Amino acid sequence: MARRASMSAGKLSKIETGKVRPTVQDVDLVLTATGVSREVKAEFLAAARAEATEATAWRLLRRMGPWKHQKTIRAIEAGTTTLRALPGTAHPRTPPDA
């Protein structure tokens with residue numbers, strides 16, 4: 001028989017007060033417990049996965065150190081011969097004719 005996952009009241013409280021970020025599994029548990037529809041659950045879980053991926057990327061960047069990241073980007077740019085910007089990807093402060 002499969003054991004059903006659960007969350008402690010303490011963890012739920014920490015999530016509610018912002019002391020701890022919920023994992024994708026935590027989001028799934030809360031949504032299942034509240035009985036939301038599959039569509040809503042899928043939408044929230046997709047957002048939770050995207051947030052978890054972004055948080056991991058930032059954590060790795062902080063661990064690596066900004067100067068190391070800048071050094072890597074500088075090395076990539078040094079070998080770049082052609083730079084293409086796709087419509088809508090320019091910095092918002094960049095004039096359209098720049």
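Everything numeric in this text was worked out from a predicted model, so none of it was measured.
- In this structure, V24 belongs to a hydrophobic cluster whose other members, linked by side-chain heavy atoms under 4.5 Å apart, are V27, L31, V36, V40, F44, L45.
- The side-chain hydrogen bond (donor to acceptor under 3.5 Å, both in side chains) check on S8 picks up nothing, with sequence neighbours excluded.
- Salt bridge annotation for D28-K41: present, with a cationic side-chain nitrogen under 4.0 angstrom from a carboxylate oxygen.
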Inset, instruction - Assess whether side chain to side chain contact (heavy atoms under 4.5 Å, CB included) is satisfied between M7 and Q25, documenting all intermediate values. - result: CA-CA 10 Å; M7 181 186 307; Q25 183 181 8; over 6 Å; no
Inset, instruction - Check the pair I15, V30 against side chain to side chain contact (heavy atoms under 4.5 Å, CB included), reporting the backbone distance first and the verdict last. - result: CA-CA 11 Å; I15 291 170; V30 170; 5.9 Å; no
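- Of the possible polar contacts, one joining the T56 side chain to the A52 backbone as a donor-acceptor pair under 3.5 Å is found.
- At most 12 heavy atoms of other shown residues, nucleotides or ligands fall within 6.0 angstrom of atom CD in E43.
- Taking CG from L29 and NZ from K11, the interatomic distance works out to 8.5 Å, rounded to the nearest 0.5 Å.
- A distance of 11.5 Å separates CD of E54 from CZ of R59, quoted to the nearest 0.5 Å.
- In this structure E16 satisfies the side-chain hydrogen bond (donor to acceptor under 3.5 Å, both in side chains) test with no other residue, sequence neighbours excluded.
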